[in-house]
Enquirer: 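Could you have a look at this structure, given as structure tokens, before my questions?
We're numbering straight along the sequence, starting at 1. Just so you know, these numbers use all the heavy atoms, side chains as well, and skip hydrogens, waters and symmetry mates.
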Amino acid sequence: MENEEILNYIKRAFELREQECYKQAVEMLYKALNLEPDNIDIMYQLGEVYFLMENYTRAIQYPEQILSFEPNNIQALNLLEKIYLNQNNLYSAKETAEKLYSVEKNDKNLANLIRIYGLLGLYDDIEIYKDQIAGNPNCLYEYAKILHKKNDTENSLRYVEMALEKEPENEEYIVLKGQILYDSGKQDEALELFENFDNNTHNPDVQNYKGLFALDRMDFVEAVKFFSKAINIDKHNAKYYYNLGNAYFLNGWLEEAVSAYKNAIMHAPENLDYRYSLAYLYINNSQFDKAQSEIEIILSKEPNHPGANVIKSLLLFNKGNILDAEKVILSNIENGYDDDYTLCTFALIEKDLGKYDLAEKYLAKVIERNPENLSHKCDMCDLYVCRKDYQKAMSIADDIVNADENYIAGYISGAYAALAAEDEEKLKNYAQNILAIDINCAQGYYFLALARKMENDLDEALECMKRAILHDVNNPKYYAETAKLYELLDDYKTAFEYAKEAESICDSEEYKILYKKYAALSRK
């Protein structure tokens, strides 16, 4: 009768486990264990269920208890190895894997041992098993992964191809080959491999790489779909959340990007690059306090993190601490970091300090490295506006839009140069081109309004400026310029209302002075 009762408890526990009702399954197993305290199978089942619950402290007790009775119990050793790996207790996992392989010398156990050696970086220990690896596709695959991690592209590709010769349809091997090809810059070959997989495949890595290919072709919505599918299959992979965040960010979905980056950080808190990407998003969205919080965490762990120091410099620059910002960015350069972000930020700071030659030198270096990048050429155009060399600035702007007639930033840079040069025709031409590309662009209406003002067509100028406000209601500059137009029409009361709105949005000294001026005029 007792044996039947035990079997009923175990059967019920199995059913509950299949339904993911783990706590109830544990209760059933404890009832069974109370009836037969030395039953190794029940102990093993308890360890397995606690493992599924991610309660590794409790899970580990049961295989250890089994091994105290039967030191060579294969099931208990396998479970113990899994628990140690999930705890990231790699040295204990290594000892267990070595024990397991000594007890049962099969391909699976050797492949697991090689994988753990790779995680620990014990590459010399793997050499002992080179002869056994050669005939075992799973071992070849694990060794290829290790070589890939070491950036040994040639050999990693060779070993995974050896594995594929033995098992040409193995999905994991094909995916690894695709990863190696992608990371070594052979995107076309990788794309050919991954496109053979169905879009609804349940392999999360395939979905992730399909998302990366969508990013490469700037199809951000499609990329979001693929990364989301990868996450639905594997909800604990930080890399998928990070890639999803990048897709959201590039598509302008900033709230969603923040959420995805935070999920990546939650699943891999030690990865500072994920936190840096969040800080980069914040500073590009003018959320300076949030950016500050993120880079403080990064720099507390890695004081010379190049990207975080660039953001630190930009935060100091934004606060008006220009010389401190310059020191931070110079330190980056002195430490050997001359990436585009560092050099462009340095050029921005030097431009503000009036060191135009130095700013031009570093911008020119960035442009030389990235001749197709029109954004950097816009930065050079803006620098020439600061130097008051307006003709040169407009010449650069014209080169930009000749390279890409739909590149709106080029027309905007040209418009700023034409405005500074008081070139009415050029300003009007740039403004009209901006609006031809984007009829809802506030800056286009702003520049067209100023061109109409130069023509003394104040009614049309007012109409354009109001459209600029309609498309960007939080830009104080547009309200201030509208106030000035009303002043020209001697309508000081309306000018005061617009100046008040500008001052309410931004309490800078410029808008405070304007507010006081029209407040006084409107009372006359």
Enquirer: Once the angle between the rings of Y56 and F51 is folded into 0 to 90°, is it parallel (under 30°), tilted (30 to 60°) or perpendicular (over 60°)?
Expert: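 Rings of Y56 and F51: tilted, 30 to 60°.
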
Enquirer: Would you call the rings of Y209 and Y182 parallel, tilted or perpendicular if under 30° counts as parallel and over 60° as perpendicular?
Expert: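 Perpendicular: the ring planes of Y209 and Y182 meet at over 60°.
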
Enquirer: Are more than 12 heavy atoms, taken from residues, nucleotides or ligands other than E405, located less than 6.0 Å from that residue's CD atom?
Expert: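 Incorrect, the count does not exceed 12.
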
Enquirer: Does one side chain, of N370 or D340, offer a donor that lies under 3.5 Å from an acceptor on the other?
Expert: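 Short answer, yes.
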
Enquirer: Would you confirm whether S313, through its side chain, and A325, through its main-chain N or O, come within 3.5 Å as a donor-acceptor pair?
Expert: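 Yes: the side chain of S313 pairs with the backbone of A325.
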
Enquirer: Is the distance from the ring center of Y240 to that of F227 below 6.0 Å?
Expert: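 Ring centres of F227 and Y240 not closer than 6.0 Å.
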
Enquirer: Kindly write out the residues that satisfy side chain to side chain donor-acceptor pair (under 3.5 Å) with K377, not counting sequence neighbours, or none if the list is empty.
Expert: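 Once residues adjacent in sequence are excluded, K377 has no partner under the side chain to side chain donor-acceptor pair (under 3.5 Å) criterion.
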
Enquirer: Counting distance only, does the side-chain N/O of T201 pair as donor-acceptor with the main-chain N or O of D198 below 3.5 Å?
Expert: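 Between the backbone of D198 and the side chain of T201 there is no qualifying donor-acceptor contact (under 3.5 Å).
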
Enquirer: List the steps and the verdict of side-chain hydrogen bond (donor to acceptor under 3.5 Å, both in side chains) for N155 and D152.
Expert: CA-CA 6 Å; N155 283 313; D152 186 348; 3.0 Å; yes

Enquirer: Between E296 and Q292, does any side-chain donor sit less than 3.5 Å from a side-chain acceptor?
Expert: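 Present: a donor and an acceptor within the cut-off.
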
Enquirer: Is a side-chain donor-acceptor pair under 3.5 Å present for D107 with N136?
Expert: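 N136 vs D107: donor-acceptor pair found between side chains.
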
Enquirer: List the residues meeting side chain to side chain donor-acceptor pair (under 3.5 Å) with D183, not counting sequence neighbours, and say none if there are none.
Expert: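 For D183 the side chain to side chain donor-acceptor pair (under 3.5 Å) partners, ignoring immediate neighbours, are H148.
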
Enquirer: Is it true that the side chains of N55 and R58 contain a donor and an acceptor less than 3.5 Å apart?
Expert: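 No.
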
Enquirer: Taking NZ, NE, NH1 and NH2 as the nitrogens, is one of them in K94 or E98 under 4.0 Å from a carboxylate oxygen of the other?
Expert: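 Answer for the salt bridge query: yes.
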
Enquirer: Can you say whether the rings of Y341 and Y280 are parallel (under 30°), tilted (30 to 60°) or perpendicular (over 60°)?
Expert: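 Perpendicular: the ring planes of Y341 and Y280 meet at over 60°.
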
Enquirer: The test is side-chain hydrogen bond (donor to acceptor under 3.5 Å, both in side chains); show your working for N106 and N109 and say whether it passes.
Expert: CA-CA 6 Å; N106 62 28; N109 290 341; 3.3 Å; yes

Enquirer: Under 3.5 Å, is there a donor-acceptor pair linking the side chains of N73 and Q75?
Expert: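 Judged by distance alone, the side chains do not pair up.
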
Enquirer: Tell me if the CD atom of Q19 is crowded by more than 12 foreign heavy atoms within 6.0 Å.
Expert: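 Yes, CD of Q19 has more than 12 neighbouring heavy atoms, counting only those of other groups under 6.0 Å.
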
Enquirer: Indicate yes or no for a side-chain donor-acceptor contact from N251 to the backbone of W253 under 3.5 Å, with no hydrogens or angles considered.
Expert: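 No, the answer is negative, given that no donor and acceptor are paired below the 3.5 Å cut-off.
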
Enquirer: S184 side chain to L181 main-chain N or O, any donor-acceptor pair under 3.5 Å?
Expert: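 Yes, S184 side chain to L181 backbone: donor-acceptor pair under 3.5 Å.
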
Enquirer: Could K31 and E5 be called an ion pair, given the rule that one side-chain N must be under 4.0 Å from one carboxylate O?
Expert: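 Salt bridge between K31 and E5, a charged N being under 4.0 Å from a carboxylate O: no.
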
Enquirer: Do you know the tightest heavy-atom contact between D38 and F69?
Expert: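 That closest heavy-atom pairing would be OD1-CZ, 4.5 Å.
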
Enquirer: Looking at E15 and R12, is there a salt bridge between them, counting it only when a charged N and a carboxylate O are closer than 4.0 Å?
Expert: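 Salt bridge between R12 and E15, a charged N being under 4.0 Å from a carboxylate O: yes.
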
Enquirer: I want to check something: taking the side chain as every heavy atom from C-beta on, are L16 and K23 in contact at a cut-off of under 4.5 Å?
Expert: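 No, their side chains stay 4.5 Å or more apart.
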
Enquirer: Can you see which heavy atom on A347 is nearest to which on A359, and at what distance?
Expert: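 Smallest heavy-atom distance, with atoms named: O-CB, 3.4 Å.
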
Enquirer: Return yes if some donor-acceptor pair links the side-chain N/O of H267 with the main-chain N/O of Y241 below 3.5 Å, else return no.
Expert: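 No, the answer is negative, given that no donor and acceptor are paired below the 3.5 Å cut-off.
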
Enquirer: Are side-chain N/O atoms of N199 and K210 paired as donor and acceptor at under 3.5 Å?
Expert: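 Present: a donor and an acceptor within the cut-off.
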
Enquirer: Between Y159 and Y141, is the ring centroid distance below 6.0 Å?
Expert: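 Not under 6.0 Å, so no.
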
Enquirer: Evaluate N309 against N304 for side-chain hydrogen bond (donor to acceptor under 3.5 Å, both in side chains), listing each step before the verdict.
Expert: CA-CA 7 Å; N309 276 312; N304 290 323; 4.9 Å; no

Enquirer: Within the 4.5 Å heavy-atom criterion, are I146 and Y117 side-chain neighbours or not?
Expert: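 Counting from C-beta outward, I146 and Y117 never come under 4.5 Å.
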
Enquirer: List the steps and the verdict of side-chain hydrogen bond (donor to acceptor under 3.5 Å, both in side chains) for Y261 and N246.
Expert: CA-CA 8 Å; Y261 285 145; N246 289 340; 2.5 Å; yes

Enquirer: Is there a donor-acceptor pair under 3.5 Å between the side chain of Y9 and the backbone N or O of L33?
Expert: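 No: the side chain of Y9 does not pair with the backbone of L33.
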
Enquirer: Which atom pair, heavy atoms only, marks the closest approach of G410 to A397?
Expert: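 It is O-CB, 3.7 Å.
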
Enquirer: State the CZ-CD distance between R17 and Q24, to the nearest 0.5 angstrom.
Expert: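 With rounding to 0.5 Å, CZ (R17) is 14.5 Å from CD (Q24).
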
Enquirer: Is a side-chain N or O of N203 found less than 3.5 angstrom from the main chain of D205, in a donor-acceptor match?
Expert: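 Pair found, side chain donor or acceptor close to backbone of D205.
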
Enquirer: Within the 4.5 Å heavy-atom criterion, are F197 and E195 side-chain neighbours or not?
Expert: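 The answer is no, as the side chains (C-beta and beyond) never meet within the 4.5 Å cut-off.
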
Enquirer: Does the distance from a Lys or Arg side-chain N to an Asp or Glu carboxylate O, for E161 and K166, drop under 4.0 Å?
Expert: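 Answer for the salt bridge query: no.
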
Enquirer: Taking all heavy atoms of Y143 and all of I114, pick out the closest pair and write down the distance.
Expert: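 Nearest heavy atoms, Y143 then I114: N-CG2, 4.3 Å.
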
Enquirer: Could D338 and R369 be called an ion pair, given the rule that one side-chain N must be under 4.0 Å from one carboxylate O?
Expert: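 Here D338 pairs with R369 in a salt bridge, since their nearest N and O are under 4.0 Å apart.
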
Enquirer: Between H305 and Y276, is any pair of side-chain heavy atoms under 4.5 Å apart?
Expert: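 Heavy-atom side-chain distance check passes, below 4.5 Å.
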
Enquirer: Around D289, counting heavy atoms of other residues, nucleotides and ligands shown, do more than 12 lie under 6.0 Å from its CG?
Expert: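 No.
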
Enquirer: Report yes if the side chains of I6 and I42 come closer than 4.5 Å at any heavy-atom pair, otherwise no.
Expert: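 A side-chain contact under 4.5 Å exists here.
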
Enquirer: Kindly give the heavy-atom pair with the smallest separation between A247 and V224, and that separation in Å.
Expert: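 Closest approach of A247 to V224, heavy atoms only: CB-CG2, 3.7 Å.
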
Enquirer: Has the side chain of Y62 got a donor or acceptor atom that lies under 3.5 Å from a matching backbone atom of E48?
Expert: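 No, because the side chain of Y62 does not come within donor-acceptor range (under 3.5 Å) of the backbone of E48.
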
Enquirer: Check for me whether K82 meets the cation-pi criterion with Y84, that is, NZ or CZ under 6.0 Å from the six-membered ring centre and within 45 degrees of the ring axis.
Expert: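 Ring-cation test returns no.
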
Enquirer: Between K301 and I298, is there a donor-acceptor pair closer than 3.5 Å when you use the side chain of the first and the backbone of the second?
Expert: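 Judged by distance alone, no pair lies under 3.5 Å.
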
Enquirer: Would the number of heavy atoms belonging to other residues, nucleotides or ligands and lying under 6.0 Å from CZ of F14 be above 12?
Expert: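 No, because the 6.0 Å sphere around CZ of F14 holds 12 heavy atoms or fewer from other groups.
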
Enquirer: Taking side chain as C-beta onward, heavy atoms only, is Y407 less than 4.5 Å from C378?
Expert: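 Side chain of Y407 against side chain of C378, heavy atoms only: contact under 4.5 Å found.
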
Enquirer: Is it true that atom CD of E18 has more than 12 heavy atoms of other residues, nucleotides or ligands lying nearer than 6.0 Å?
Expert: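 Result for CD/E18: enclosed.
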
Enquirer: Give the minimum heavy-atom separation between K99 and N72, together with the two atoms involved.
Expert: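 That closest heavy-atom pairing would be NZ-OD1, 2.9 Å.
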
Enquirer: Let me confirm one number: the CD-OG distance from Q179 to S156, rounded to the nearest 0.5 Å.
Expert: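 Going from CD on Q179 over to OG on S156, the span is 10.5 Å.
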
Enquirer: Is the side chain of S259 donor-acceptor paired with the backbone N or O of E255 at a distance under 3.5 Å, no angle test?
Expert: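 Not confirmed, S259 side chain does not pair with E255 backbone.
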
Enquirer: With a 4.5 Å cut-off on side-chain heavy atoms, are N237 and P204 touching?
Expert: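 In short, these two side chains do not touch, never coming nearer than 4.5 Å.
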
